[in-house]
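Letters A, B, ... mirror the listed sequences (proteins, then strands); counts begin at 1. The analysis underlying the following values was restricted to heavy atoms, covering all of them including side chains, and did not include hydrogens, waters or symmetry mates.
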Amino acid sequence: MTVTTIEKLAEHVGQTVTLQGWVHARTSKGKLHFVQLRDGSGLVQCVLFKNNVEAELFDAVSRAGQESSVLLTGLVKAEPRAPGGFEIDVSSGAVFQIAAEGYPITPKEHGIDFLLEHRHLWLRSRRPWAILRIRHTIMMALRNFFDSRGFICVDSPIFTPNACEGTSTLFEVPYFDSTAYLTQSGQLYAEAAALAFGKVYTFGPTFRAEKSKTRRHLTEFWMLEPEMAYAGLDDVMQLAEDMLCHVVDVVLKTRRTELAVLERDLSKLEAIKPPFPRMTYDEACAVLAAHPESKHVAGDDFGAPDETIISNQFDRPVMVHRYPAAIKAFYMKRDPADPTKCLSVDVLGSEGVGEIIGGSQREDDLELLLSRIRHEKLPEDFFQWYLDLRRYGSVPHAGFGLGLERTVAWVCGVEHVREVIPFPRTIYRIHP
RNA sequence: UCCCCGGUAGCUCAAUGGUAGAGCACCCGGCUGUUAACCGGGUUGUUGUAGGUUCGAGCCCUACCCGGGGAGCCA
């Protein structure tokens with residue numbers, strides 16, 4: 001007897017196979033049970049006729065409520081009317097466990113608070129299933145993309161001695177006799193690695209203790225940060241464009257079922273093709289100045305509503321570059337053509353989702369970087385190792401940070417980032 | 001930290017200041033083609049907490065707790 005998974009049923013039409021899973025839903029009609037079986041890879045309807053299976057199994061299934069664990073063996077039949085296109089005509093099987101009464105997540109509607117409180121069970125539902133499988137695919141596509149271009153994955157530490165950028169509020173943790181902080185960015189370490197390996201990326205969790213409470217914020221989220229030696233702002237923008245196009249392409253090619261579960265408008269994804277529009281910060285300011293709903297003041301950073309206005313001008317991500325140096329991080333290199341600007345870029349996702357990537361060319365001159373650190377009143381001692389990178393073989397280098405959850409939410413067309421990470425951590429939620 | 005909204009059965013919600021309800025879930029019975037099945041029957045409450053106003057509070061007032069949406073900041 002072949003044990004297989006639901007997503008591979010197409011290879012087994014006409015054969016008898018065994019599926020191992022859980023009862024997603026069951027309806028019975030007299031001497032007939034319809035079991036919607038979930039096995040993690042998909043969902044398929046299994047039909048049990050009373051006369052075709054042993055009485056013990058038929059009786060057990062009649063008592064098997066939602067989420068009971070069952071093992072069913074039967075003939076795989078093509079069934080165009082069934083979701084997924086297949087149906088199992090069950091001949092034998094076993095009920096491993098009758099789920100306890102009171103499985104909280106019913107087929108009816110639930111509020112977000114209730115669902116998050118039961119996230120450990122909610123993961124089994126269709127929507128999280130689709131989203132988290134796409135998240136996985138996006139992570140794989142990203143890794144494959146960088147791997148195929150000769151990037152080395154270099155992990156950055158999660159315990160850090162200080163603020164990487166000196167801005168965000170960090171989580172403080174006891175570290176033996178002193179204090180450590182959870183990383184808010186692996187970038188400074190990625191720079192060190194780029195000067196060692198040429199092209200690198202870090203990919204891991206990052207932490208921000210800011211009391212943000214919006215659909216775009218988590219206190220723990222994943223960030224991918226590529227960094228390239230002998231590269232500038234234009235290289236970074238090209239890399240970001242190629243990367244996003246590749247990710248969307250892979251998801252469109254391999255996750256149609258999941259996108260259908262999410263009722264994603266595929267035309268919005270199919271529009272994600274190169275080239276992405278590019279505009280300077282000043283050009284973006286002009287767009288906002290001409291927009292009646294914008295309260296943006298030229299020179300300031302863009303607020304969330306401003307980003308929405310800008311990104312809604314296009315059907316694909318837009319790259320806004322050369323922001324005022326004053327509102328950006330100390331390590332960003334000044335634009336030689338206009339020293340009030342820096343060589344930075346923000347990529348705003350389409351459909352008004354806001355910033356998904358922030359990147360820049362880094363300041364490679366020791367004296368200029370040191371003056372920026374002093375001007376920002378950052379702890380100079382902590383940055384000595386970072387300054388070493390400018391002392392010994394400094395080169396032009398550049399990179400960016402991609403917010404994984406924001407990217408997944410954008411691709412999935414999901415409103416809130418808390419749905420695109422398995423166990424979201426927000427200001428008021430650390431459970432389960 | 002600030003602004004707005006909410007908290008009633010396991011869930012989603014209703015209830016003019018006057019006897020706390022419905023649908024679903026769950027349990028029992030029926031049905032060989034269901035798709036959120038259907039039909040019949042049954043179980044379900046410290047109305048977030050503590051005060052106050054009132055003859056009477058789920059409803060009005062005060063404080064607090066919890067959560068949601070947004071701002072700022074950012075990915």
Side-chain angles (χ1 to χ4, degrees), chain A residues 24-36 43-52 58 62-63 65-67 79 81-84 87 89 99-118 121-122 126 164-165 167-170 183-187 203-225 240 295 300-308 327-329 346-349 353-359 400-410 415-418 420-421 426-429 431:
Chain A
H24 179 71
R26 176 180 55 77
T27 180
S28 298
K29 194 163 167 58
K31 300 178 172 61
L32 186 60
H33 292 312
F34 295 101
V35 174
Q36 304 294 332
L43 200 58
V44 70
Q45 173 160 280
C46 302
V47 187
L48 285 84
F49 287 98
K50 190 169 188 175
N51 294 337
N52 293 357
F58 192 85
S62 73
R63 289 180 287 114
Q66 193 179 2
E67 293 307 320
E79 174 54 75
R81 289 171 300 177
E87 186 173 272
D89 190 2
E101 273 182 39
Y103 184 73
I105 304 191
T106 65
K108 284 289 174 177
E109 288 176 19
H110 298 287
I112 188 65
D113 185 40
F114 178 83
L115 290 171
L116 286 174
E117 195 56 35
H118 296 85
L121 300 174
W122 184 27
R126 288 292 275 167
C164 282
E165 300 178 17
T167 51
S168 305
T169 318
L170 305 187
T183 182
Q184 57 139 319
S185 166
Q187 185 207 308
F203 196 8
T206 48
F207 308 86
R208 304 274 167 93
E210 281 149 2
K211 297 189 173 179
S212 302
K213 234 176 91 168
T214 78
R215 72 168 75 93
R216 301 178 305 281
H217 289 90
L218 298 167
T219 55
E220 177 182 319
F221 63 98
W222 282 62
M223 190 151 66
L224 184 148
E225 295 169 282
K295 297 171 189 160
D300 287 358
D301 207 350
F302 301 131
D306 299 323
E307 290 183 349
T308 301
I327 59 171
K328 287 292 183 181
D346 280 4
V347 181
L348 310 179
V353 301
E355 182 180 353
I356 56 179
I357 288 174
F400 63 76
L402 165 95
L404 179 69
E405 285 74 20
R406 289 185 181 179
T407 303
V408 176
W410 167 60
E415 183 80 1
H416 204 301
V417 291
R418 69 187 160 206
V420 307
I421 187 167
T426 61
I427 173 170
Y428 292 126
R429 180 173 298 283
H431 181 271

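- Between B:rC74, B:rG69, B:rU32, one nucleotide has an atom nearer to the side chain of A:R406 than all others, and that is B:rC74.
- Ring stacking holds between A:F221 and B:rA75, with the centres under 5.5 Å apart and the planes within 30 degrees of each other.
- Under 3.5 Å, the side chains of A:Q36 and A:Q45 contain a donor-acceptor pair of N or O atoms.
- Among the atoms of the strands shown, none is found under 4.0 Å from any heavy atom of A:G354.
- For A:F34, counting side-chain heavy atoms from C-beta on, the closest listed nucleotide (B:rU34, B:rC74, B:rG72) is B:rU34.
- Residues meeting the side-chain hydrogen bond (donor to acceptor under 3.5 Å, both in side chains) test with A:D301, sequence neighbours left out: none.
- Distance from the side chain of A:N51 is smallest for B:rU32 among the nucleotides B:rU34, B:rU32, B:rC73.
- With the 3.5 Å cutoff on both pairing distances, Watson-Crick and G-U pairs in RNA chain B assemble into runs of at least 3 at B:1-7 with B:65-71, B:10-13 with B:21-24, B:26-30 with B:38-42, B:48-52 with B:60-64.
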**Q.** nucleotides 20-29 of chain B: protein proximity per nucleotide (B base, S sugar-phosphate only, - neither; heavy atom, under 4.0 Å)
**A.** ----SSSS--
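- The residues A:K328 and A:D346 are annotated as salt-bridged, a charged nitrogen and a carboxylate oxygen being separated by less than 4.0 angstrom.
- As judged by a 4.0 angstrom heavy-atom cut-off over every strand, A:R215 is placed among residues touching the sugar-phosphate backbone only.
- When each of B:rU1, B:rG67, B:rC73 is scored by its nearest atom to the side-chain atoms of A:E210, the top-ranked nucleotide is B:rC73.
- Within the 4.0 angstrom heavy-atom criterion, only backbone atoms of the sugar-phosphate kind lie near A:D301; the bases stay farther away.
- Salt-bridge annotation for A:R418 and A:E405: absent, with no side-chain N of the basic residue lying under 4.0 Å from a carboxylate O of the acidic one.
- Side chains of A:F114 and A:P104 form a contact here, defined as non-hydrogen atoms less than 4.5 Å apart.
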